[in-house]
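Note that ligands are numbered from 1 as they come in the structure, with each ligand's atoms numbered from 1 the same way. It should be emphasised that the depicted structure is a prediction, and the values quoted were computed from it without experimental measurement.
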Amino acid sequence: MTSRRTRERLVQRLREQGIRDQQVLDVMSTTPRHLFLDEAMAHRAYEDTALPIGYQQTLSQPYIVARMTELLLADGPRANVLEIGTGSGYQTAVLAQLVDQVYSVERIKALLDRARPRMRQLKLRNVQLRHSDGTLGWADKGPFDGILSAAAPEEIPRELLAQLAPGGRLVIPVGGRTQHLQVVCRRPEGFVTEIVEAVRFVPLRPGTER
Ligand code: SAH
C-alpha cells in the first residue's frame, strides 16, 4: 500500500471540508491509520468514513477526528487530556502527538488489549490507557484541561464537568437518535456551551465488558 500518497489525499479532503489547524493536518498526514484496523479492513483505511473495529464499535471518520481535535486545541495548547472511548486507539495516537499527556479509557477490554501494542509500535510514550467506565472520568489523573469523548451520552455526565480544570474544554457528542457535537468551556463565570454540528456517534454506555 502506498500509504503516504493516500494519506496526503486524505489531508487534502480534510482541508476541503474546512479543517484549518495545520498541526492537526500534519499529524493526520503522518499517522498510519491502517495500523488501527484489522487486515481485512486495512485497505480502506484512508477513505473518509467510519470503519468497523469489532464489538459493534467503529473507528471514527477522519473528518470527525480532525474536527474534534481542532476544537479541543482551538484556545491554545492542552497539557493533559482525557479521552473517553479509546476504541482502535487512532484518535488517541493523534492526540498524543499534539498534547503533553493523554489518558484514555475504554469500556471493552478486548479493544483496549488491541490498542495497547499500537501505542508501543508508534513509540507514543505519553499515553496511559485504562479499562474503565468513562462516564466516571478518571478522577485520580484530573483535573484535565481537555476532555474528548468518542461516544455520545444523552446528557453530559456530571463527573466529566467536575474533572474539567479552569479554562478546560470538553468536546463531546450529545444526544440519542439525533446528536450534536458540543464544546463546553469552564470559565470563571461557569460552563459555557457551544453547539457545533450534527453528528452520529456510538452511545456512551455505563459499565465495562471483557
Ligand atoms: N476514537 C475511537 C472511537 C471508537 S468508538 C476510534 O477512532 O477508534 C467509541 C468507543 O467508545 C467504543 O470503543 C466504545 O466501546 C467506547 N465507549 C462507549 N461507552 C464508554 C464508556 N462509558 N467508557 C469508556 N468507553 C466507552
Note: heavy atom closest to atom 15 (O) of ligand 1, options Arg107, Glu106, Met68, Gln56, belongs to Glu106
In ligand 1, which numbered atoms sit nearer than 4.0 Å to a non-hydrogen atom of [X]?
X	result
Val202	5 (S), 9 (C)
Val105	24 (C), 25 (N)
Leu59	6 (C), 7 (O), 8 (O)
Leu111	13 (O)
Ser132	23 (N), 24 (C)
Thr135	22 (N)

Under 4.0 Å from ligand 1, counting heavy atoms only, is it the side chain of [X], its backbone, both or neither?
X	result
Ile108	side chain
Ser60	both
Val65	neither

Please check whether [X] reaches ligand 1 - meaning an N/O of the residue sits under 3.5 Å from an N/O of the ligand, judged on distance alone.
X	result
Tyr90	no
Leu204	no
Gln91	no

If you take all heavy atoms of [X] and [Y], which pair is closest and at what distance?
X	Y	answer
Met119	Thr92	CE-CB, 4.1 Å
Ser88	Leu59	OG-CG, 3.4 Å
His34	Tyr46	ND1-OH, 2.6 Å

Could you tell me whether [X] and [Y] make a salt bridge, using a distance below 4.0 angstrom between a side-chain N and a carboxylate O?
X	Y	result
Arg13	Asp48	yes
Arg114	Asp38	yes
Arg130	Glu106	no

[atom] - nearest protein heavy atom and its distance:
atom	answer
atom 11 (O) of ligand 1	Gly85 CA, 3.2 Å
atom 6 (C) of ligand 1	Ser88 OG, 3.5 Å
atom 4 (C) of ligand 1	Thr58 O, 3.1 Å
atom 9 (C) of ligand 1	Ala150 O, 3.3 Å
atom 12 (C) of ligand 1	Gln57 OE1, 3.2 Å
atom 23 (N) of ligand 1	Gly134 N, 2.7 Å
atom 22 (N) of ligand 1	Arg205 O, 2.6 Å

With a cut-off of 6.0 Å (strictly less than), are more than 12 heavy atoms of other residues, nucleotides or ligands near CZ of Arg158?
->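 Counting neighbours around CZ of Arg158, 12 or fewer heavy atoms of other residues, nucleotides or ligands fall under 6.0 Å, so no.
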Evaluate whether atom CD of Gln56 has more than 12 neighbouring non-hydrogen atoms of other residues, nucleotides or ligands under 6.0 angstrom away.
->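 Check fails, neighbour count at 12 or below.
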The residue among Val102, Thr30, Thr69, Val99 that forms side-chain contact (heavy atoms from CB on, under 4.5 Å) with Val94 is Thr69
Look only at the side chain of Glu70 and the backbone of Leu25, and say whether a donor-acceptor pair between them is shorter than 3.5 Å.
-> no
Between Gln12 (side chain) and Glu8 (backbone), is there a donor-acceptor pair under 3.5 Å?
->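 Side chain of Gln12 to backbone of Glu8: no pair is present.
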Would Glu159 and Thr135 count as having a side-chain donor-acceptor pair, cut-off 3.5 Å?
->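 Thr135 and Glu159 do not have a side-chain donor-acceptor pair below 3.5 Å.
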